[in-house]
Undergrad: 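Handing you a structure now.
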Amino acid sequence: MFVNEYFVNHFDKHNQIPTSEATVALTVSILILLIGILFTTKVKPKNFICQEDHFRIESSTALRGIAIICLLYGHFAEKCIVGEYFFESAGRWAVIIFLFISGIGLIKKYSWSNLPTDFLYRRIAKLLPSVFAATTLVLILDYAFLEKTYSPIILILGCLGIFSTQSPDGPAWFITYIIFLYTVYFLLSKIHIPTTRKIFILFALCYGVSFGIWHIGKRAQYIEEWAQYAFVFPAAVAIGIYLPQIFDFLIKIFIKHKARYLLAMFFIGYLYLNKTGQDVISNCINSYTFSQTIQMVYDLMLVFITVMVTTIFDYYNFESSFLTILGNYSFEIFLIHLPFMENYDFLLFRK
């Protein structure tokens with residue numbers, strides 16, 4: 001069709017943007033984002049934080065806004081820029097933040113004991129309408145702009161809420177993964193054992209899935225993304241269980257030693273981003289499973305940084321209307337951003 005010729009396609013890393021041009025675009029866009037956040041931010045510090053103030057809705061919404069920004073930059077760097085680029089890891093940061101919000105949010109809203117029988121139905125019903133709408137849009141646009149069609153099996157699986165990176169809307173793999181985590185969370189809530197044992201079982205099950213994916217080869221290609229994040233959701237659930245104690249402890253440290261608190265947070269961030277220690281440890285044993293496990297352990301640093309940032313947000317009653325808008329629509333942006341960025345180039349450089 002004639003419209004095909006108007007759009008640049010970055011699929012499979014074709015027509016990528018030179019690093020020099022991308023750096024200018026990224027620098028300008030980051031400055032605009034920072035200005036937007038700065039001028040739409042309100043803070044009001046409190047000397048006393050009650051339990052309801054831990055992991056506030058405004059804080060979790062701001063985190064979702066930050067996560068979706070990371071996701072956009074991450075996929076932009078990975079799919080559309082020539083060679084390796086710093087922001088390629090930002091997509092991973094985004095998924096970790098989203099999983100953190102999901103885990104800690106479930107504990108705060110539902111606890112973890114004998115959840116109602118309609119728990120899964122309500123969680124899935126909240127997700128799938130937007131997913132189906134986004135997938136339908138992508139199917140239409142893929143056919144119109146790329147003359148691309150999909151096998152009936154992929155479409156049927158999509159109707160059942162089973163998505164992979166091979167689906168019409170690649171990022172929707174996360175939806176199937178989160179439904180899996182919700183299911184495990186729900187089933188464990190029905191088991192009458194101490195909460196510490198549930199946490200251990202949750203870690204073991206999530207890691208077991210990753211271990212299985214690493215060892216069954218190509219047969220796991222449709223869920224291989226699941227293997228990267230085994231420790232994040234269980235860690236978030238564990239933090240959610242001890243939420244008041246953890247946040248009270250961190251807030252007291254922040255109030256008394258703000259400079260040290262911030263220094264520690266940035267130092268942990270440096271260790272996480274630098275990856276030197278991770279590489280050294282991973283090279284101790286020549287094993288793919290070992291190196292991937294070490295990477296997932298290192299992801300817990302970002303989880304802890306997120307907890308520290310959330311503590312600051314909660315203490316100052318941080319609220320940014322700019323991040324709130326992004327956070328409120330983060331799910332919809334998450335679902336449609338990559339096809340529009342990679343396949344049709346509505347957002348990047350036109351021919």
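Residue numbers start at 1 and run along the sequence shown. Since this is a predicted model, take the numbers as computed values, not measurements.
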Undergrad: How close do Trp112 and Lys198 get, counting heavy atoms only, and between which atoms?
TA: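 Distance-wise, the nearest heavy atoms are O-NZ, 2.8 Å.
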
Undergrad: Under 3.5 Å, is there a donor-acceptor pair between the side chain of Thr23 and the main chain of Thr19?
TA: yes

Undergrad: For residues 112-121, which residue pairs qualify under salt bridge (Lys or Arg N to Asp or Glu O under 4.0 Å), counting only residues two or more places apart or in two chains?
TA: Asp118-Arg122

Undergrad: Rounded to the nearest 0.5 Å, how far apart are OG of Ser189 and CG of Leu106?
TA: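 If we round to the nearest 0.5 Å, Ser189:OG and Leu106:CG are 10.5 Å apart.
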
Undergrad: Rounded to the nearest 0.5 Å, what separation is found between the OH atom of Tyr315 and the CG atom of Leu250?
TA: 14.0 Å

Undergrad: Indicate yes or no: at least one non-hydrogen side-chain atom of Val307 is less than 4.5 angstrom from one of Phe247.
TA: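 Val307 vs Phe247: side chains touch.
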
Undergrad: With a 3.5 Å distance limit and no angle check, can you tell me whether Ser282 reaches the backbone of Asp279 through a side-chain donor-acceptor pair?
TA: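 Such a contact is absent between Ser282 side chain and Asp279 backbone.
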
Undergrad: Provide the closest heavy-atom pair for Ala230 versus Cys206 in the form atom of the first, atom of the second, distance.
TA: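 Residues Ala230 and Cys206, closest heavy atoms: O-CB, 3.3 Å.
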
Undergrad: According to salt bridge (Lys or Arg N to Asp or Glu O under 4.0 Å), who are the partners of Glu58, at least two apart in sequence or on a separate chain?
TA: Arg56

Undergrad: Could you tell me whether Lys126 atom NZ has more than 12 heavy atoms of other residues or ligands within 6.0 Å of it?
TA: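 No.
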
Undergrad: To the closest 0.5 Å, what do you measure between OG1 (Thr289) and OH (Tyr207)?
TA: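 The distance works out to 6.0 Å.
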
Undergrad: Return the CD to OH distance between Glu225 and Tyr177, rounded to the nearest 0.5 Å.
TA: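 One gets 11.0 Å once the value is rounded to the nearest 0.5 Å.
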
Undergrad: Is it true that, when you exclude Lys258 itself, more than 12 heavy atoms of the residues, nucleotides or ligands shown sit nearer than 6.0 Å to its NZ?
TA: yes

Undergrad: Considering only heavy atoms from C-beta outward, does the side chain of Glu319 approach that of Thr41 to under 4.5 Å?
TA: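 In short, these two side chains do not touch, never coming nearer than 4.5 Å.
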
Undergrad: I'd like to know whether CD1 of Ile57 has more than 12 heavy-atom contacts from other residues, nucleotides or ligands below 6.0 angstrom.
TA: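 For Ile57, atom CD1 is not crowded (no more than 12 foreign heavy atoms under 6.0 Å).
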
Undergrad: May I ask you to decide if Phe132's main-chain N or O and Thr135's side chain share a donor-acceptor pair within less than 3.5 Å?
TA: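 No, Thr135 side chain to Phe132 backbone: no donor-acceptor pair under 3.5 Å.
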
Undergrad: Rounded at 0.5 Å granularity, tell me how far CD in Glu332 sits from NE2 in His337.
TA: 13.5 Å

Undergrad: Evaluate the ring planes of Phe313 and Phe318, with Trp represented by its six-membered ring, and classify them as parallel (under 30°), tilted (30 to 60°) or perpendicular (over 60°).
TA: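 Ring orientation of Phe313 relative to Phe318: parallel.
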
Undergrad: Within a strict 4.5 Å, meaning less than it, do heavy atoms of the Leu99 and Ile178 side chains meet?
TA: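 Contact flag for Leu99/Ile178 side chains = yes.
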
Undergrad: Any side-chain heavy atom of Phe340 within less than 4.5 Å of one from Leu141?
TA: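 Side-chain contact under 4.5 Å: yes.
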
Undergrad: Out of Thr311, Asp314, Asp248, Thr310, which residue meets the side-chain hydrogen bond (donor to acceptor under 3.5 Å, both in side chains) rule with His54?
TA: Asp248

Undergrad: When you compare the side chain of Gln245 with that of Phe249, does any pair of heavy atoms fall below 4.5 Å?
TA: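 No - every pair of side-chain heavy atoms lies 4.5 Å or more apart.
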
Undergrad: Might you confirm whether atom CZ of Phe290 has over 12 heavy atoms from other residues, nucleotides or ligands at distances under 6.0 Å?
TA: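 Result for CZ/Phe290: enclosed.
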
Undergrad: Would you say the side chain of Tyr242 lies within less than 4.5 Å of the side chain of Thr195, judging by non-hydrogen atoms?
TA: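 A side-chain contact is absent here, since even the closest heavy-atom pair is not under 4.5 Å.
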
Undergrad: Any donor and acceptor pair, going by atom type alone, linking the side chain of Ser111 with main-chain N or O of Ile107 inside 3.5 Å?
TA: no

Undergrad: Test your reading of the model: is there a side-chain donor-acceptor pair from Tyr73 to the backbone of Phe87, 3.5 Å cut-off?
TA: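 No, because the side chain of Tyr73 does not come within donor-acceptor range (under 3.5 Å) of the backbone of Phe87.
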
Undergrad: Please find the pair of heavy atoms, one from Val232 and one from Ile96, that lie closest to each other, and give the distance.
TA: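 Here Val232 and Ile96 meet closest at CG1-O, 3.5 Å.
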
Undergrad: Indicate, with yes or no, if the rings of Phe254 and Tyr316 have centres closer together than 6.0 Å.
TA: yes

Undergrad: Are the side chains of Ile333 and Leu71 in contact, using a 4.5 Å heavy-atom criterion?
TA: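 The answer is no; the side chains never approach within 4.5 Å.
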
Undergrad: Taking C-beta and beyond as the side chain, do Arg197 and Ile191 meet within less than 4.5 Å on heavy atoms?
TA: no

Undergrad: Counting N and O atoms only, with roles assigned by atom type, does the side chain of Ser210 sit under 3.5 Å from a partner on the main chain of Ala227, one being a donor and the other an acceptor?
TA: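 Looks like yes, one N/O pair under 3.5 Å.
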
Undergrad: If we check side-chain hydrogen bond (donor to acceptor under 3.5 Å, both in side chains) with Asp299, which of these qualifies: Tyr229, Trp93, Tyr272?
TA: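 Exactly one candidate clears the test, Tyr272.
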
Undergrad: Which heavy atom of Ala22 sits nearest a heavy atom of Ile81, and at what distance?
TA: CB-CD1, 3.5 Å

Undergrad: Determine whether a donor-acceptor pair (N or O, by modelled atom type, separation under 3.5 Å) exists between the side chain of Thr40 and the backbone of Phe322.
TA: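 Yes; at least one donor-acceptor contact below 3.5 Å.
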
Undergrad: Taking all atoms of both residues into account, what is the closest heavy-atom pair of Ile37 and Ser320, and its distance?
TA: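 Minimum heavy-atom separation between Ile37 and Ser320: O-OG, 3.8 Å.
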
Undergrad: Can a donor-acceptor pair be found, under 3.5 Å and without considering hydrogens, that links the side chain of Ser130 to the backbone of Leu127?
TA: no

Undergrad: Considering all heavy atoms of both residues, which atom of Leu271 and which atom of Tyr298 are nearest to each other, and what is their separation?
TA: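 That would be O-CE2, 4.0 Å.
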
Undergrad: Got a sec: does the CZ of Phe304 have more than 12 other heavy atoms crowding it under 6.0 Å?
TA: no

Undergrad: Please round to the nearest 0.5 Å and tell me the distance separating atom CG of Leu205 and atom CZ of Phe200.
TA: 10.0 Å

Undergrad: Side chain of Arg92, backbone of Gln228: donor and acceptor closer than 3.5 Å?
TA: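 Yes: the side chain of Arg92 pairs with the backbone of Gln228.
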
Undergrad: For the pair Phe98 and Phe334, name the ring-plane relationship: parallel under 30°, tilted 30 to 60°, perpendicular over 60°.
TA: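 Rings of Phe98 and Phe334: perpendicular, as their planes differ by over 60°.
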
Undergrad: To which residues is Ile35 joined in a hydrophobic cluster, defined by side-chain heavy-atom contacts under 4.5 Å among Ile, Leu, Val, Met, Phe, Trp and Tyr, whether direct or through other members?
TA: Leu38, Phe39

